[in-house]
Amino acid sequence: MNTALIPPYTPSSLEADWQKTWFDNNVFEAHVNPEKQPFYVLEMLPYPSGQLHMGHVRNYTLGDVLARFKRAQGFNVMHPMGWDSFGLPAENAAIKRGIHPGTWTLENIAEMKAVMKKFGWSYDWSKEVTTCLPSYYGHQQALFLDFFAKGLVYKKEALVNWDPIDQTVLANEQVVDGKGWRSGAPVERKLLSQWFLKITHYADALLDDLTTLPGWPDRVKTMQVNWIGKSQGMKFDFTVQDEAGAALDPLTVFSTRPDTLYGATFCAVAPEHPLAKKAAETSPEIAAFIAEASRMGTAQEIIDRAEKKGALTPYVAIHPLTGDKLPIFVANFVLMTYGTGAIMAVPAHDERDHAFATKYNLPITPVVSLPEGHDITAAPYTGDGEVVNSPLFNGKQVDEAIATAIAKAEAEGWGEGQTQYRLRDWGVGRQRYWGCPIPFIHCPDCGVVPVPRDQLPVKLPEDCAFDGAGNPLDKHPTWKHVDCPSCGAKAERETDTMDTFMDSSWYFLRYLCPEADEPLDKTAMDYWMKGGVNQYIGGIEHAVLHLLYSRFFVKALRDMGKLPCGEPFAALLCQGMLIGNSYQKADGTYVYPSQVVWKDGKAFEKDTGEALTVLAAEKISKSKNNGDSPDELLARYGADTLRLFMLFTAPPERDLEWSEQAIDGAWRFLGRVWTLAHKVAAADALQSAPNEALNRKIHQTILRVTKDIERFHYNTMVAACMELMNDLNRAAEEGLSDTVKFGAETLVRLLNPAVPHITEHLWQVLGHTDPLYAAPWPVADEAAAQEDEITLVVQVNGKVRGKLVVPADISAEDALAMAKALDEVQPWIEGKALKKELYVPGRLVTLAVA
RNA sequence: GCCCAUGUAGUCCAACGGCAGAGACAGAGGACUUAAAAUCCUUCCAGUGGCGGUUCGAAUCCGCCCAUGGGCACCA
């Protein structure tokens with residue numbers, strides 16, 4: 001056929017047509033159907049910033065390949081999408097631009113959804129969930145009351161970042177260099193009464209059940225294990241004396257290393273500890289230090305990186321074993337939220353204690369034998385070893401000494417063994433407007449009263465003032481004033497809203513029953529969630545918090561009889577980020593990659609010719625312009641090319657570097673497939689002579705692609721298709737045959753999950769009237785895929801010395817015999833004793849000689 | 001600071017502990033074209049961040065170091 005007769009590939013109209021067909025026929029709508037096996041593919045729902053970015057495109061394309069593949073395999077696939085639409089940015093937009101958070105958010109959703117639909121992702125949009133609508137958050141309030149009824153909700157004091165000018169609580173990201181982002185005032189740590197969810201009730205289950213998740217990456221499980229931070233230690237008391245020698249309340253400390261008890265040279269308490277407060281009453285220095293420490297903010301990173309500082313109290317702690325008097329400090333690195341808020345410090349064997357002791361010239365006493373050459377004044381030793389200088393434990397290993405210490409303390413009644421977790425209860429209250437209202441009412445007589453269920457949802461008022469000071473809900477003139485549901489007296493609504501992590505902890509359940517009157521429909525849960533979400537896909541940045549909170553939610557809901565499973569996500573794929581070079585002009589502004597031309601290895605702006613500075617690849621962001629917007633790229637290349645680029649350029653879990661050139665490569669490949677399919681379709685007569693080698697390649701490719709999709713090697717899946725296409729083109733040069741046609745059809749079917757629009761079209765070009773979305777996945781003929789000859793490598797002492805072409809089913813004996821007989825191998829083994837010989841089937845023969 | 005990853009041709013990436021190369025980009029040469037674009041063909045290119053260890057054999061496993069990235073509880 002004359003290639004000039006092949007119509008041009010114009011994705012825009014073709015893609016729109018197929019999207020309409022899918023939509024008109026409700027192709028991706030999923031319903032409970034006990035006859036069919038369910039498969040739930042879930043991608044992390046986006047925050048509707050208004051701009052779909054390429055990171056989203058990658059995430060959703062990864063999920064779509066799997067969803068379409070599983071559909072072709074006959075599964076009943078659930079593949080929903082929604083909006084994580086509460087949160088700070090909407091409220092910031094309200095403060096800055098005077099636009100209502102709800103208006104801003106819903107407009108953003110409309111914009112993003114319009115772009116998303118152009119990518120051809122196979123979502124069942126009838127399941128869409130928008131977390132900022134009362135139809136969603138009302139059910140969340142109902143669940144919150146269920147948690148309350150189960151004793152999983154409580155209030156306690158907690159530290160927050162407080163902006164003294166704006167009279168408001170700040171998020172960590174709103175604290176810039178220790179100052180409020182708007183007011184510039186130094187931030188203070190403040191204790192406020194806060195709502196908590198008792199996630200620690202499930203600490204052991206959250207830890208132990210990780211072993212039931214083989215489909216999760218090990219690194220994520222490790223991060224969760226470390227986050228939960230279960231440790232065995234000892235809680236014990238120091239007797240405390242004031243400067244006059246009078247006894248005060250004992251000081252209870254927790255230590256994971258009671259084996260180092262004899263190495264304790266001082267004690268330290270958190271700035272918020274009662275003993276610190278007591279000392280501050282009589283000492284202005286200590287009061288000043290506590291005030292200084294309180295300006296540090298609540299972020300762990302800040303606390304860890306800050307210089308270790310303290311103030312000496314006039315009190316001493318009596319060492320329970322030696323009777324020594326240890327000084328007690330108030331120290332900025334001791335956390336009120338971990339253990340008892342007080343520590344025994346062993347500078348020889350703890351990093352922080354060491355830094356502190358060095359600064360204040362406190363003694364450093366090693367009690368675990370040090371490795372050769374270790375200078376204890378320069379660095380602590382935190383490893384294992386034999387305990388020394390400890391009358392009670394000498395000669396024991398660390399773990400034995402720990403057991404001995406606990407036994408002794410328990411026998412004498414001054415301490416006890418205790419399991420400690422790093423995991424803290426989840427503070428869910430936020431003093432902000434744009435979140436789900438916490439459904440409680442404060443009554444002066446009845447206390448905290450839940451809002452009756454028939455009064456849910458508690459809706460956000462529309463008419464709030466957003467000036468960045470205080471909590472808009474609290475300042476609203478009427479909203480919070482209600483009658484007590486219990487006694488009818490005048491009472492006040494809770495004005496805290498919920499952490500947005502609450503919204504994302506159960507959205508994947510609501511997708512399954514978005515219209516249900518109850519939060520969770522039992523039939524839907526039992527069908528879709530029997531084994532949890534089959535595959536969850538999202539960014540690694542959620543490896544700890546979101547995933548841990550969702551796991552907690554699901555366990556709690558299961559225990560309330562609402563769910564058939566105890567883990568939300570059976571399998572997890574964490575994708576890498578999108579990164580890209582940024583291009584900077586002399587005036588410091590940034591230029592989009594599409595506006596860059598390269599000459600002699602240097603970058604210039606297309607329109608002006610101005611030379612550009614190329615900056616190292618980093619996370620794609622709006623401020624750096626280092627990624628083109630999906631809209632523009634869609635118009636230039638179409639969805640299929642962008643999808644293919646995302647899949648091919650890097651494996652899913654790795655960072656993906658932005659490259660205009662790689663997109664061109666994806667475009668060219670689709671063009672070649674297009675041409676091949678048209679050539680095959682237009683051939684008048686096909687040669688029927690079978691091409692065995694090509695046929696084998698086709699079946700091998702089916703096997704490879706199927707396996708690659710199942711293990712998420714999407715980049716190699718595309719490479720396998722490219723290989724097949726190269727072979728088909730070569731074969732087509734020699735004449736179009738039945739085998740080439742079968743190959744082209746197979747190629748189109750295998751590529752369908754990745755590039756659904758062009759393949760649907762080409763399937764029709766190839767003469768099929770049934771749509772591909774309803775076609776089953778190709779099945780390989782294993783026998784036809786079998787190679788009959790293989791090449792074996794012969795190694796002697798690990799070095800390749802010869803090669804053998806042998807039948808694929810050769811026995812180990814024959815392979816070894818032939819290898820030893822090879823002319824190239826003989827010189828290397830002649831006259832030497834054979835230590836070891838090995839046949840690795842299908843691969844190589846290895847011979848080890850003395 | 002603590003926890004978790006990643007590092008292979010000029011570039012992006014392949015490689016059950018078994019010949020470092022599947023695929024692509026860029027480069028070079030050629031075909032087609034009045035020319036260019038597009039397209040097609042051919043071709044070039046690394047010893048796997050560094051040091052040490054385990055092994056018959058290490059990109060792959062272990063240890064230390066370097067660089068880069070993610071998370072650190074009120075960003076989502």
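Every chain is numbered from 1, with letters handed out A, B, ... down the list of sequences. Computation of the quantities below employed the complete heavy-atom set of this structure, encompassing side-chain atoms and omitting hydrogens, waters and symmetry-equivalent molecules.
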RNA chain B: 5'-proximal contact among A:Leu844 and A:Gly665 (nearest heavy atom): A:Leu844

A:Ala720 or A:Ala662, whichever maps to the more 5' nucleotide of RNA chain B: A:Ala720

Note, A:Asp727 side chain near A:Arg730 side chain (heavy atom, < 4.5 Å): yes

At under 4.0 Å between heavy atoms, what does [X] touch on the DNA or RNA strands: base, sugar-phosphate, or nothing?
X        : answer
A:Val220 : nothing
A:Val800 : sugar-phosphate
A:Lys799 : nothing
A:Ile303 : nothing
A:Leu423 : base

Anything under 3.5 Å between a protein N or O and an N or O of nucleotides 60-67 of chain B, put it in a table, one pair a line.
none

Side-chain-base donor-acceptor pair under 3.5 Å for A:Gln795 and B:rG18: yes

Aromatic ring pairing A:Phe86/A:Tyr137, orientation class (parallel under 30°, perpendicular over 60°, tilted between): tilted

Electrostatic pair A:Asp350:A:Arg352 at N-O distance under 4.0 angstrom: yes

SB check A:Asp499 A:Arg430 (cutoff 4.0 Å): yes

Bracket string, RNA chain B, 5' to 3' - pairs by Watson-Crick or G-U geometry under 3.5 Å, | interstrand: (((((((..((((....[..).))).(((((.......))))).....(((((..]....))))))))))))....

Under 4.0 angstrom between A:Arg672 side-chain N/O and B:rU39 OP1 or OP2: no

A:Asn172 side-chain N/O to B:rC72 phosphate OP1/OP2 under 4.0 Å: no

What pairs of nitrogen or oxygen atoms, one from the protein and one from nucleotides 10-17 of chain B, lie under 3.5 Å apart?
from, atom 1, to, atom 2, distance (Å)
B:rC12, O2', A:Thr649, O, 2.7
B:rC13, OP1, A:Asp655, O, 3.4
B:rC13, O3', A:Asn715, ND2, 3.2
B:rA14, OP1, A:Asn715, ND2, 3.0
B:rA14, OP2, A:Arg654, NH2, 3.2
B:rA14, O5', A:Asn715, ND2, 3.2

Rounded C1' spacing from B:rG57 to B:rG47 in Å: 16 Å

